[in-house]
**Student:** 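Let me begin by handing over the structure; questions about it come next.
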Amino acid sequence: MSLVEVRNLTKIFDLAESSFGSSRSGEVRAVDDVSLDIQQGETLGLVGESGSGKSTLGRLILRLIEPTSGSIFFDGVDLTTASNSQLRRLRRDMQIIFQDPFGSLDPRYRVEDVIAEPLMLHRNVARENEGRDARRQRVRELLRSVGMDESAMPRYAHEFSGGQRQRIGIARALALRPKFIVADEPVSALDVSVGAQIVNLLQQLQRDFGLTYLFISHSMPVVRYLSTRIAVMYRGKIVEIGPTEQITRQPQHDYTRKLLAATPEMAIT
Ligand code: ADP
Ligand code: MG
C-alpha cells in the first residue's frame, strides 16, 4: 500500500525573488516533473549529488514549501488541496530529521524542552499528552527509545556530541508517533562509525514503530545499506528508481553508474 504518492511534482525557484539577491536572475527548476510512490513500511533512499533537488523534494512532500505544480497524496489525502485543519492533523504523522537538528534551535533550550515541544504544540488534539507529568514521562520513554536516558533531560543540546544530538533530534521527531519520516542527510555530518550507529537506530525504530522513511543522502553506500528501494535524482529529475538490488547490480542510467563507481563498497555495519 502506498503511504505517499507524488504526481508530476515541480518546484521552480525564481532567483530574483530569493534570498540569493538580485545579482542572479532567471529560475531554477529544483524539482522537475517528479512522480513516485513510497510504500507503507519501506525505506525509499533518495540519492544524488549536492544541488540535485533532494531536500527540495523532501520539503515539498512534507508541504513545508509550496509546489509550483503537481500533487502529493499522503494516506490518500491530497496535501495540495487539503484544508488547514486537515494539514494540521496530517502534520503529526509526518516528521523530518535534519543533518544538524540543533542548527535552528535556541541553544538555551534544555533537552527536555526540545523533545517536549511538539507535544506542547499539539496538546489540545492529543489528550494523552496533557499535563506536565505525563509529558515528562513521554520524554523519558522517547529518550530510552533512542538509547539515552532521563539524565539528559535538564542538560543543553550543545553539551552533547553530534551523534547524541542526532538521537535527541530523532526523539523529538518521534514525539507525536508519526507514520512517515523524511531523514535529510541525517548522518552526513557524523563520523562513519557514529553515522552507522544512527543508521542502525533508525532501522530499529522502523521495526519497533512501523515507520516509513524517505532517506536522503548523497552517499550511495549509506543509501544502499538501508533502503528497500532507491530513487536516483539528477538535476531535479528521478532518472532511475527500483529495488536496491536492481539499482546496484543493474544500473540503467549513466549517472547511477557514476554514483556507484565513485563510492566503492563501504563497511557500514
Ligand atoms: P540537494 O538537497 O540535492 O543538495 P536542493 O534541493 O537543496 O538540493 O537544491 C536544488 C536546487 O534548488 C539548487 O540549485 C539550489 O540552489 C536551489 N534552491 C534550493 N532552495 C532554494 C531557494 N529557497 N531559493 C532558490 N533556490 C533554491
Ligand atoms: Mg540537501
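Just follow the structure's listing: the first ligand is 1, and inside any ligand the first atom is 1. Note that the structure is predicted; figures quoted are calculated from it, not measured.
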**Student:** Is ligand 1 under 4.0 Å from a heavy atom in the side chain of Thr56, in the backbone, in both, or in neither?
**Tutor:**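 Both the backbone and the side chain of Thr56 come within reach of ligand 1.
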**Student:** Is the distance from the Mg ion (ligand 2) to some N, O or S atom of Thr56 under 2.8 Å?
**Tutor:** no
**Student:** Picking from Leu121, Leu119, Val114, Ile115, what satisfies side-chain contact (heavy atoms from CB on, under 4.5 Å) with Glu117?
**Tutor:**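 Among Leu121, Leu119, Val114, Ile115, the one meeting side-chain contact (heavy atoms from CB on, under 4.5 Å) with Glu117 is Leu121.
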**Student:** Which class fits the ring pair Tyr156 and His158: parallel under 30°, tilted 30 to 60°, perpendicular over 60°?
**Tutor:** parallel
**Student:** Just jot down the ligand 1 atoms closer than 4.0 angstrom to any heavy atom of Ser50, in number order.
**Tutor:** 4 (O)
**Student:** Determine, stepwise, if the pair Phe98 / Ile96 fulfils side-chain contact (heavy atoms from CB on, under 4.5 Å).
**Tutor:** CA-CA 6 Å; Phe98 299 103; Ile96 187 161; 3.5 Å; yes
**Student:** As an exercise, identify every atom of ligand 1 less than 4.0 angstrom from a heavy atom of Glu49.
**Tutor:**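 What qualifies from ligand 1 is 3 (O).
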**Student:** Using distance alone, decide if ligand 1 has a nitrogen or oxygen within less than 3.5 Å of any nitrogen or oxygen in Gly53.
**Tutor:**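 Yes - when backbone and side-chain N and O of Gly53 are compared with those of ligand 1, one distance drops under 3.5 Å.
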**Student:** Within this structure, what is the CD1-CG distance for the pair Ile230 and Leu259, rounded to the nearest 0.5 Å?
**Tutor:** 9.5 Å
**Student:** Is the charged tip of Arg155 near the ring of Phe160: under 6.0 Å from the six-membered ring centre and within 45° of its axis?
**Tutor:** yes
**Student:** Out of Ser55, Gly58, Ser52, whose heavy atom sits nearest atom 2 (O) of ligand 1?
**Tutor:** Ser55
**Student:** Answer yes or no: does an N/O atom from Gly51 fall short of 3.5 Å to an N/O atom of ligand 1?
**Tutor:** yes
**Student:** Specify side chain, backbone, both or neither for His218, according to which of its non-hydrogen atoms lie closer than 4.0 Å to ligand 1.
**Tutor:**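 Contact part for His218 vs ligand 1: neither.
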**Student:** Where do Val34 and Val6 come nearest, in terms of heavy atoms and distance?
**Tutor:** O-CG1, 3.3 Å
